[in-house]
**Student:** 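One structure follows; several queries about it will come next.
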Amino acid sequence: MDVRRRSTNKPTPMKMGVVDDEKEPRASDALPLPLYLTNAVFFTLFFSVVYFLLTRWREKIRNSTPLHVVDLSEIVALVALVASFIYLLGFFGIDFVQSIFRPSADVWAADYDKNHAEELILDEDARKVPCGVDCAPPPPQVVETLASEEDEEIIKAVVAGTTPSYSLETKLGDCKRAAVIRREAVQRVTGKSLAGLPLEGFDYQSILGQCCEMPVGYVQIPVGIAGPLLLDGREYSVPMATTEGCLVASTNRGCKAIHLSGGATAVLLKDGMTRAPVVRFATAQRAAELKFFLEDPKNFDTLSMVFNRSSRFARLQTIKCAIAGKNLYIRFCCSTGDAMGMNMISKGVQNILDFLQKDFSDMDVIGLSGNFCSDKKPAAVNWIEGRGKSVVCEALISGDVVRKVLKTNVAALVELNMLKNLAGSALAGAPGGFNAHASNIVTAIYIATGQDPAQNVESSHCITMMEAVNDGKDLHVSVTMPSIEVGTVGGGTQLASQPACLNLLGVKGANREEPGSNARLLATIVAGSVLAGELSLMSALAAGQLVRSHMKYNRSSKDVSKVSS
């Protein structure tokens with residue numbers, strides 16, 4: 001951080017709650033003892049002299065001595081009483097001593113421009129190098145002022161539009177300072193306060209160039225733990241970031257039912273991320289020629305070699321094409337290791353397009369994504385073909401657990417699942433929506449573990465099946481999810497909080513021994529958690545417990561007609 005120069009002619013106005021780089025004197029600095037000792041001395045002195053004076057005055061009354069006749073000890077006691085009273089009256093002396101030792105502070109505050117009187121606090125970023133440059137761990141942060149002339153000029157330039165807000169990190173070389181200045185500029189432009197949005201306690205350098213642009217703070221979302229989820233013989237404590245009451249509790253109940261019944265089993269059916277560019281030709285015939293070329297097995301090895309150059313983890317699996325007139329949609333599918341893989345596959349697709357341009361020079365690349373992928377949108381192609389990780393998870397829940405833990409019965413669950421999740425969703429025409437609330441669990445885990453929350457759209461594709469087995473005594477329940485898109489490296493998994501949640505599940509980072517296994521395991525945990533959530537919510541609906549549970553855990557006084565399942 002640059003050192004601020006201060007005018008020798010006129011003191012620089014200071015905002016309350018901030019200090020300059022050059023340490024400002026505080027009231028407590030003028031005290032001969034540390035502040036807590038000084039407070040103790042004055043506190044003891046006050047009550048001591050009160051006791052002393054009351055004792056002396058009682059003796060005078062008994063001896064008929066006038067109270068106004070005082071000796072030296074009583075004069076000293078009175079002076080000490082007044083001094084200690086003033087100190088305590090000023091809330092242990094802070095405000096009082098402040099007014100004595102810094103009498104010009106109020107004058108400075110009064111002279112300061114009232115339009116700039118909003119309080120801003122900027123923690124000094126100990127990094128002395130531009131954002132993104134590795135450096136040693138910073139020393140303890142020191143609060144510094146934003147009220148310097150330099151910062152004020154930058155704020156005015158951002159407000160006026162002469163300095164782009166997005167360029168502050170590059171211009172200042174300090175991500176934290178850039179966020180504070182941008183935040184103040186936004187408040188001045190909009191006339192709205194961001195007082196409730198946290199700013200302190202976040203590493204803004206960690207998101208530079210990878211997670212979020214032009215930050216002004218961060219949003220707090222509570223994280224709860226559901227479990228243990230017994231899946232494939234192992235127990236997992238599942239982190240869920242959510243603001244919906246009852247969600248974690250409900251999933252936790254499902255985990256308990258699964259655990260008491262011997263656990264769940266998950267099978268990974270497929271692992272492949274997709275990207276589908278759209279290209280155009282002058283004629284449909286020419287588009288068909290490229291389709292035949294791409295789908296010819298003889299050409300796959302060459303195309304795979306070109307594609308795989310993009311990464312040591314990317315491996316091309318399949319190429320499928322669809323034609324709409326003279327437009328060709330090419331759906332590439334590849335494995336991506338422990339990464340979710342969108343950037344990885346996009347690079348590989350670009351390599352293929354550059355390669356094809358040599359033999360199909362008349363090919364016009366309209367877009368790297370033509371929505372035949374399909375990313376962050378409900379699409380039948382993902383429901384049928386799969387995208388990311390395709391997982392099926394099942395459990396056999398005993399009839400006793402259904403009755404004692406889930407408070408319902410097997411027949412009621414089977415009937416409800418058929419009419420709600422199957423027939424009801426079919427009536428609604430919901431592609432991949434044959435479930436009770438899979439997206440609830442998927443999104444909560446995604447936020448907690450640093451996944452892309454927008455991909456809950458296709459990742460929540462799920463069909464929940466329930467069937468009475470063992471002569472109707474027990475319940476077989478399963479969830480089939482063809483498009484779980486997760487990764488354990490890259491994106492939000494690199495922040496401070498999300499890796500902690502990944503570590504809790506034992507899937508943090510890349511697996512060096514078996515690349516891709518951490519991401520695949522995370523996908524099965526997501527499916528197992530969805531199974532628990534489906535089981536619990538369906539039981540609550542079958543038993544008529546939904547509204548009561550929401551009222552209990554949401555502490556809500558809202559109209560119950562607004563409660564949704």
Side-chain angles (χ1 to χ4, degrees), residues 221-232 234-266 391-395 397 401-402 404-408 413 416-417 420-421 435-449 451 453 456 459-466 475 477-481 484 486 501-502 504-507 521-543 545-555 563-565:
I221 300 179
V223 177
I225 298 295
L229 170 67
L230 182 57
L231 179 66
D232 295 327
R234 294 177 58 186
E235 292 184 347
Y236 300 95
S237 295
V238 183
M240 302 175 67
T242 181
T243 57
E244 179 184 353
C246 202
L247 177 59
V248 178
S250 177
T251 308
N252 190 67
R253 183 175 74 149
C255 290
K256 179 180 180 181
I258 293 172
H259 201 291
L260 291 175
S261 299
T265 303
V391 180
V392 59
C393 186
E394 64 179 347
I397 310 299
V401 171
V402 172
K404 296 177 181 179
V405 177
L406 302 177
K407 310 300 182 184
T408 185
L413 280 173
L416 177 62
N417 186 73
K420 172 182 168 64
N421 289 342
N435 58 81
H437 70 150
S439 65
N440 247 341
I441 293 87
V442 170
T443 306
I445 298 177
Y446 272 26
I447 295 174
T449 58
Q451 311 304 312
N456 78 87
S459 297
S460 299
H461 281 347
C462 171
I463 183 169
T464 300
M465 303 291 290
M466 293 185 180
L475 176 72
V477 56
S478 67
V479 292
T480 305
M481 306 179 68
I484 301 178
V486 292
C501 294
L502 290 170
L504 178 66
L505 295 172
V507 295
L521 177 57
L522 178 57
T524 62
I525 294 173
V526 171
S529 303
V530 169
L531 181 70
E534 289 288 281
L535 188 60
S536 184
L537 176 57
M538 291 296 289
S539 299
L541 287 168
Q545 300 170 334
L546 180 67
V547 174
R548 289 197 300 273
S549 62
H550 273 72
M551 293 304 99
K552 176 181 178 181
Y553 288 96
N554 280 342
R555 304 291 195 272
V563 178
S564 64
S565 61

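All residue numbers refer to positions in the sequence shown, counting from 1.
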**Student:** Is there a donor-acceptor pair under 3.5 Å between the side chain of T449 and the backbone N or O of I445?
**Tutor:** yes
**Student:** Please assess V486 against Y446 for the test side-chain contact (heavy atoms from CB on, under 4.5 Å), listing each intermediate value before the final yes or no.
**Tutor:** CA-CA 8 Å; V486 292; Y446 272 26; 3.4 Å; yes
**Student:** Are L522 and L505 close enough, and set up right, to give a side-chain contact (heavy atoms from CB on, under 4.5 Å), and what steps lead you there?
**Tutor:** CA-CA 8 Å; L522 178 57; L505 295 172; 3.9 Å; yes
**Student:** Look at the side chain of N435 and the backbone N and O of N421, then say whether any donor-acceptor pair between them is shorter than 3.5 Å.
**Tutor:** no
**Student:** Can you confirm whether S539 sits close enough to K407 that some side-chain heavy atom of one is under 4.5 Å from a side-chain heavy atom of the other?
**Tutor:** no
**Student:** Counting distance only, does the side-chain N/O of S459 pair as donor-acceptor with the main-chain N or O of I484 below 3.5 Å?
**Tutor:** no
**Student:** How far does CE of M538 sit from CG of L413, to the nearest 0.5 angstrom?
**Tutor:** 6.5 Å
**Student:** Would you say the side chains of T464 and E534 form a donor-acceptor pair under 3.5 Å?
**Tutor:** yes
**Student:** Locate the shortest heavy-atom distance separating A438 from V530; write the atom from each residue and the value.
**Tutor:** CB-CG1, 3.8 Å
**Student:** I need the I397 CD1 to L260 CG distance, nearest 0.5 Å.
**Tutor:** 9.0 Å
**Student:** Does H437 use its side chain to pair, donor to acceptor, with the backbone of G533 at less than 3.5 Å?
**Tutor:** yes
**Student:** Kindly indicate, with the supporting measurements, whether the criterion side-chain contact (heavy atoms from CB on, under 4.5 Å) is fulfilled by L231 and C393.
**Tutor:** CA-CA 9 Å; L231 179 66; C393 186; 3.9 Å; yes
**Student:** Tell me the closest heavy-atom pair linking N417 and M466, and the distance in Å.
**Tutor:** ND2-N, 3.4 Å
**Student:** Taking C-beta and beyond as the side chain, do L541 and K420 meet within less than 4.5 Å on heavy atoms?
**Tutor:** yes
**Student:** If you measure from CE on M465 to OG on S478, what distance do you get to the nearest 0.5 Å?
**Tutor:** 6.0 Å
**Student:** Could you check whether any side-chain heavy atom of V238 comes within less than 4.5 Å of a side-chain heavy atom of T251, counting everything from C-beta outward?
**Tutor:** no
**Student:** Please check: side-chain N/O of E244 versus main-chain N/O of T242, any donor-acceptor pairing under 3.5 Å?
**Tutor:** no
**Student:** How close do A257 and L406 get, counting heavy atoms only, and between which atoms?
**Tutor:** CB-CD2, 4.0 Å
**Student:** So which heavy atom on P453 is nearest to which on I447, and how close?
**Tutor:** CG-CG1, 4.2 Å
**Student:** Apply side-chain contact (heavy atoms from CB on, under 4.5 Å) to the pair V402 and T408, showing each step before the final yes or no.
**Tutor:** CA-CA 6 Å; V402 172; T408 185; 3.9 Å; yes
**Student:** Quick check for you: to the nearest 0.5 Å, what is the distance between L531 atom CG and I258 atom CD1?
**Tutor:** 4.0 Å
**Student:** Any heavy-atom pair between the side chains of V507 and Y236 that's under 4.5 Å?
**Tutor:** no
**Student:** Only one of H461, Q451, M481 passes side chain to side chain contact (heavy atoms under 4.5 Å, CB included) with V442; say which it is.
**Tutor:** M481
**Student:** For a quick check under 3.5 Å, do S460 and S439 share a side-chain donor-acceptor pair by atom type?
**Tutor:** no
**Student:** Is any side-chain heavy atom of H259 closer than 4.5 Å to a side-chain heavy atom of E235?
**Tutor:** yes
**Student:** I'd like to know if the side chain of S250 reaches the main chain of L247, judged simply by a donor and an acceptor atom lying under 3.5 Å from each other, with no hydrogens or angles considered.
**Tutor:** no
**Student:** Which atoms form the tightest heavy-atom contact between M240 and A226, and what is the distance?
**Tutor:** SD-CB, 3.9 Å
**Student:** Compare every heavy atom of I525 with every heavy atom of L229, then report the nearest pair and how far apart it is.
**Tutor:** CD2-O, 4.0 Å
